[in-house]
Amino acid sequence: MSERGSSNHSRGEDDVVEMKKAIATGSSGSHGAAATSSVPPIVCYCLASILMTVVNKYVVSGTHFNMNFLLLCMQSSVCVACVYTVKKLGIISFRDFDSKDAKAWFPISVLLVGVIYTGSKSLQFLSIPVYTIFKNLTIILIAYGEVIWFGGRVTALTLVSFILMVISSIIAAWADISDALVAGDPAVAEAANGLSTMSGVISKMNVGYFWMFLNCATSAAYVLTMRKRIKVTGFSDWDTMFYNNLLSIPVLAVASIVAENWGYENLNLNFPPATRNFLLFAIAFSGAAAVGISYTTAWCIRATSSTTYSMVGALNKLPVAASGMLFFGDPVTFGSVTAVAVGFFAGLVYAVAKNNQKKAEQASQPTIIPMASRSS
């Protein structure tokens with residue numbers, strides 16, 4: 001009886017260890033995936049994505065906000081603190097800091113700084129729906145990057161999804177410029193004091209689109225370079241998150257000190273006394289939300305499948321774009337709604353195309369024929 005009790009106790013400990021391992025690595029057996037409901041992780045992933053986008057938009061939307069490097073440094077610091085705390089609690093595990101790994105991963109962290117910085121600058125000038133739609137262009141750059149460097153393949157259906165993404169981006173840009181030219185828009189009022197209304201508005205839009213295209217390029221470079229480097233270092237998801245944020249802190253701190261104005265007046269403009277406490281809370285919250293997105297991503301893939309996750313990513317563009325219209329008064333026009341709908345459909349087509357491509361690759365693999373039949 002005592003032996004059975006001790007074996008049950010040992011089995012219980014093994015189950016706890018396996019559960020912690022699954023949480024840390026984002027992997028689990030098919031039985032666990034089948035037993036876990038797929039609804040909670042999908043809902044949590046969508047909420048985390050929406051919260052992250054909305055909070056970042058709120059932080060950088062201040063009239064005089066210009067300290068993006070400081071913002072990103074604070075977010076990365078909060079992220080590292082959260083991940084380290086959760087590790088100390090025994091919920092997740094990742095490798096301890098190693099200087100060799102840090103040297104190998106440092107270029108990736110620099111690229112990540114570029115991705116986040118250009119993304120925050122894009123949100124500063126563009127609405128959330130436009131930002132969300134143009135983010136699709138990153139997928140095209142990554143796909144053709146994989147063709148060039150990893151021997152990837154672009155199918156006909158994938159190409160159709162790319163064309164739809166480009167069309168949605170053109171519609172979004174057209175709707176964005178058309179809305180800005182409406183009487184009463186701040187850009188129009190500001191430009192009216194210049195040479196012409198059109199040139200003033202277009203110049204303002206060009207700044208946002210410049211940062212957006214730069215964000216797409218750096219995002220693609222980040223993903224493709226990280227794919228190569230992960231094979232060398234053998235990093236898990238949590239290792240990647242820990243090193244990315246930890247190594248980016250000194251880069252961001254130096255960039256902020258060198259490039260940004262730390263004068264008393266500018267600090268007051270960026271963090272007004274009336275909203276300072278709430279703004280600092282929002283920055284801390286967005287840093288913690290980054291941890292939430294990483295965890296819910298792993299949870300979603302573990303509880304469902306990578307195909308379902310990619311489909312959820314496509315579907316999630318709709319509520320993210322809607323959040324901009326709801327919380328920030330982004331214009332709800334025929335052009336903006338059409339752009340979101342086309343981008344949404346393009347995401348669905350892309351998810352289906354990748355699923356079909358994966359099935360075709362699995363079917364093309366040679367079947368292993370046993371050397372001898374099983375004896376009865």
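Of the possible donor and acceptor atoms, one in the side chain of T155 sits under 3.5 Å from a partner among the backbone N and O of T158. A donor-acceptor contact shorter than 3.5 Å is absent between the side chain of S256 and the backbone of A253.
Minimum heavy-atom separation, L111 to A221: CD1-O, 3.9 Å. The heavy-atom pair separating V113 from S248 by the smallest distance is CG2-CB, 3.5 Å. For the pair M67 and N270, the tightest heavy-atom approach, listed with the atom from each and the gap, is N-OD1, 3.3 Å. For the residue pair A81 and T85, the shortest heavy atom distance occurs at O-OG1, 2.7 Å. Residue N215 comes nearest to V115 through the heavy atom pair ND2-O, 2.8 Å, listed as atom of the first residue, atom of the second, then distance. When every heavy atom of V83 is checked against every heavy atom of M241, the shortest pair comes out as CG2-SD, 4.1 Å.
Contacts of Y117 classified as ring pair (Phe, Tyr, Trp, His ring centres under 6.0 Å), with partners at least two apart in sequence or in another chain: F69, W211. For T338, the side-chain contact (heavy atoms from CB on, under 4.5 Å) partners at least two apart in sequence or on another chain are I171, F334, V342. V254 pairs by the side-chain contact (heavy atoms from CB on, under 4.5 Å) definition with V258, not counting sequence neighbours. F281 meets the ring pair (Phe, Tyr, Trp, His ring centres under 6.0 Å) test with no other residue; sequence neighbours excluded. With sequence neighbours left out, the ring pair (Phe, Tyr, Trp, His ring centres under 6.0 Å) criterion links F97 to Y243. Taking L141 as the reference, C216, A220 meet the side-chain contact (heavy atoms from CB on, under 4.5 Å) condition, with sequence neighbours excluded. Here S109 pairs with W105, N244, L247 under the side-chain contact (heavy atoms from CB on, under 4.5 Å) rule; sequence neighbours left out.
Annotation: side-chain hydrogen bond (donor to acceptor under 3.5 Å, both in side chains) contacts involving residues 140-149, sequence neighbours excluded, comprise E146-R227. The stretch residues 68-78 participates, sequence neighbours left out, in no salt bridge (charged side-chain N to carboxylate O under 4.0 Å, His left out) pair at all. Among pairs with a residue in residues 261-272, none fulfils salt bridge (charged side-chain N to carboxylate O under 4.0 Å, His left out), at least two apart in sequence or across chains. Pairs passing the salt bridge (charged side-chain N to carboxylate O under 4.0 Å, His left out) check and including a residue from residues 110-120, sequence neighbours excluded, do not occur.
Between F235 and F94, the ring center distance fails the sub-6.0 Å criterion.
Here the side chains of V166 and I140 are in contact, with some heavy-atom distance below 4.5 Å. When side chains are defined from C-beta on, V154 counts as touching F162, because their heavy atoms get closer than 4.5 Å.
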>> Could you go through M226 and L112, starting from their C-alpha distance and side-chain angles, then the distance that decides it, and tell me whether this counts as side chain to side chain contact (heavy atoms under 4.5 Å, CB included)?
In response: CA-CA 10 Å; M226 185 170 65; L112 179 63; over 6 Å; no
>> Go through it in stages, so that I can follow the logic: the residues are M74 and L280, the test is side chain to side chain contact (heavy atoms under 4.5 Å, CB included), and I'd like the CA-CA distance, side-chain angles, deciding distance and then a yes or no.
In response: CA-CA 9 Å; M74 294 168 69; L280 291 174; 3.6 Å; yes
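Distance OG1/T138 to OH/Y222: 13.0 Å, rounded to 0.5 Å. Atom CG of N245 sits about 9.5 Å away from atom CD of Q75, to the nearest 0.5 Å. Rounding to the nearest 0.5 angstrom, the gap separating the CG atom in N266 from the CZ atom in F271 is 9.5 Å. Of the inter-residue distances, the one linking K87 atom NZ with L89 atom CG reads 12.5 Å to the nearest 0.5 angstrom. Summarising the geometry, atom CG belonging to L164 is positioned 10.0 Å from atom CG belonging to L159; distances are rounded to the nearest 0.5 Å. Between the CG atom of L252 and the OG atom of S77 there is a distance of 8.5 Å, given to the nearest 0.5 Å.
In the hydrophobic clustering of this structure, V78 does not group with L279; members are Ile, Leu, Val, Met, Phe, Trp, Tyr whose side-chain heavy atoms approach within less than 4.5 Å, directly or through other members. L267 and I257 are members of different hydrophobic clusters when ILVMFWY side chains are connected at heavy-atom separations under 4.5 Å. Clustering ILVMFWY residues whenever any of their side-chain heavy atoms sit less than 4.5 angstrom apart, transitively, puts L269 in a cluster other than the one holding L71.
Residue Y84 shares its hydrophobic cluster (ILVMFWY side chains chained together at separations under 4.5 Å) with no other residue.
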